[in-house]
Number of protein chains: 2
Amino acid sequence: MTQLEMAKQGIISPEMRKAAEADGVDPEFLRQQIAAGKAVLPKNKNHEIKTLYAIGAGLSTKVNANIGSSGACASVENEIAKLKAAIKAGTHSVMDLSTGGDLQAIREAILEHSPVMVGTVPVYGIATRLHRKRIPLHKMDVDEMFKDLEKQCSEGIDYITIHCGVTLETLKRLEKSDRLLPSVSRGGSILLNWMKHNGKENPLYAEFDTVLEIAYRYDVTLSLGDGMRPGTVLDATDRPQIEELVLLGELARRAREKNVQVIIEGPGHVPLNQIETNVLLEKRLCDGAPFYLLGPLPTDIAPGYDHITAAIGGAIAAAAGADFLCYVTPAEHLSLPNPDDVYQGVIAARIAGHAADIVKGVKNAIEKDRLISQYRRDLNWEGILSMAIDPEAAKKRLSLAYDKETCTMCGELCAVKLSRQFAKR
Amino acid sequence: MTQLEMAKQGIISPEMRKAAEADGVDPEFLRQQIAAGKAVLPKNKNHEIKTLYAIGAGLSTKVNANIGSSGACASVENEIAKLKAAIKAGTHSVMDLSTGGDLQAIREAILEHSPVMVGTVPVYGIATRLHRKRIPLHKMDVDEMFKDLEKQCSEGIDYITIHCGVTLETLKRLEKSDRLLPSVSRGGSILLNWMKHNGKENPLYAEFDTVLEIAYRYDVTLSLGDGMRPGTVLDATDRPQIEELVLLGELARRAREKNVQVIIEGPGHVPLNQIETNVLLEKRLCDGAPFYLLGPLPTDIAPGYDHITAAIGGAIAAAAGADFLCYVTPAEHLSLPNPDDVYQGVIAARIAGHAADIVKGVKNAIEKDRLISQYRRDLNWEGILSMAIDPEAAKKRLSLAYDKETCTMCGELCAVKLSRQFAKR
């Protein structure tokens, strides 16, 4: 049985217990959320996961780090270094998006070394092979694609992105649209390309039942990809994007009916005042399925700093109910991230998630803020560092003034120290 | 006549013309906003400013960088290096908050080298002198404080923070409050300390007319300080903070009546779901006076990354109507910032301000996003870099794949490139 199947039958699995404990929630509450499709517990039957997390409503916001090689930068060692950086920074999930080097070796190494859930985009495998042989991507063999998909599921991948929401309709709708960037989704554009050249429906949509059968077999959570996510704030919340979301909502229902756990991927590049609407739309159109956001970036003009831009959008989205933030690194739009970029990306996304958790009713989220603030009141630097999201980074920057009590920012003219003169403690 | 006086009389000053041009707005519109107290144009009569900016409703969000020495880190050279870093990163304003070394020399150097408006907190001067002589701060001589204030105004400081909103009432209210951190404002805590020990009213409040006379003489804009700003998300929007804001609203009105330009300083540490309320409250209680925010930080747990945390809060605040963002650097809460910290802080605040400008109706703000996105569609890297908020940083990270057309993030499996196969251009 899948986690969803057990949850529906009232069974609290050992995995649910562990994930509930990690979040400090009641296992029965988590079971109910999973049964209702409002939370997922990605864990492949064939994958041992050291630290289990559930994702969804009523739980803390989770963070994913995209790692993986590209054609221009490919080595197992590099990817393991990125995995380690992501884990050290506190990610709850990693996705192996490799498209360069020995994909099988990289995937196996990540599956072996990751203490947290691992996701992939299976279509990248066949696309990479075709590209290497200089065969146009629209020659992709559908059976081979499904074989890849099943292989990755059998190997233990916990969740997979399936771009089942781009269809022949999407191509028509794109023609009628004045989108600046037709698609910024690799998976989505591979399938649109295939559809355009073959005049056939997206196999991941047409044969969605096959996808569900495979996912069910290994209890792989489906992450319904957003091939039509906007690639600029000017394209946000447009007709192609929203039509895809409507379709994803229907497919999500089909998945749940077949006891397959499902989450929905979302934009992307979204202006500040449309983020909340995007979250509410997803929750409504997809019956409360967990929402997995890439960013969103509320401006396009900050390459080199997109982890900051994404933290802005991610915090607003998560506060509005988004459940899972895919990090964005400072390298986004410019190069494959290195381990330090990965680290910075995870920290920024965790800050966004925590700021949201304080206000979205996550139990005890604000206690960390209370503790660090009490330590600040007491000028207890060890305490402050211990509660910091990144104690090592904070320690590196800490510089105490001559009194050894205050930091060099204000020195002994420290407001906290001065407060002792006029305020009770 | 002050800029406010001229604006009220229907005169468009040369300074208004320049500031309107910098913002791409009609000079008459700017005049009206200044006359209504909804915008300010900080420029001391005795200070030549190369690049003039106005701050307020209907204008782009402006950014300030706090520089200045502390007792533990003090050199003119270092402060000039920080000034240059702030300017290079595109700040619209700097504040010299020095409390260490030769304050006069640092202030003069900053005034001389800054191409943008310069602000100070005059009370730091006398507090620093007392502290050096190991004289308790509550022995501060009020006449000497006012002399300092006038001296800085006569030297050309364009705006000054005046902590006139903390009063004897504040001390009583603090006693009745369960604030975690009584005050995190240096200026505010200096004055509260003085009041507590002397049992007398805050001279900046009691003698606010004297402040107004001095400010009027040099056309110094008053920035009404928030001594009661929360220092943790747990203290946000509490009674001491809001009572001070009410008082600042009354004082702001008195300033405008005397033809003194005025802005209001705001928090601080504020949970995500209280930020908009704080902006709306300020606008309502202070008759639309420009709002100058420090942060706000929607969580306390990220020392070492508070520029990111502040970007989250600042973007939300500015989108809700805040006009002026005081940057926060990665060194906040840990040490005096170095030039690189200053640079990172300004960039993060500018990203927040720009993301807000897109949605707060700032004319042409989104055109930069449109252009960079068109360049992205065309894989025109020179164009992309030219539109980036920090072209140098973006260029350093840019790494092109073998095809010289796509970056190494996705390599040749680039969605933008693949889009050419199925979408019109």
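Protein chains get the first letters and strands the later ones, always in sequence-line order, with residue 1 at the start of each.
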Just so I understand: if I count every heavy-atom pair under 4.5 Å between each of [options] and chain B, which residue has the most?
options                        : answer
A:I308, A:D341, A:N273, A:N193 : A:N193
A:M195, A:H131, A:R179, A:K360 : A:H131
A:G100, A:A355, A:G313         : A:A355

Please identify, among [options], the residue contributing the most non-hydrogen atom pairs under 4.5 Å to chain A.
options                        : answer
B:G314, B:P330, B:G227, B:G304 : B:P330
B:A311, B:A388, B:S183         : B:S183
B:L413, B:D403, B:V184         : B:L413
B:K396, B:M387, B:H354, B:K368 : B:H354
B:G411, B:A365, B:A315         : B:A315

Can you tell which part of [X] gets under 4.5 Å to a heavy atom of chain B, answering side chain, backbone, both or neither?
X      : answer
A:L174 : both
A:L192 : both
A:C410 : both

Open item on the list: Just by distance, no angles: are the side chains of A:T232 and B:S373 close enough, under 3.5 Å, to form a donor-acceptor pair?
Closed with: yes

Relative to chain A, which segment of [X] carries a heavy atom at a distance below 4.5 Å: side chain, backbone, both, or neither?
X      : result
B:T128 : both
B:V359 : both
B:Q274 : neither
B:H333 : both
B:L137 : side chain

Task: Closest heavy-atom pair and its distance - A:H269, B:R376 - done: CE1-NH1, 4.1 Å

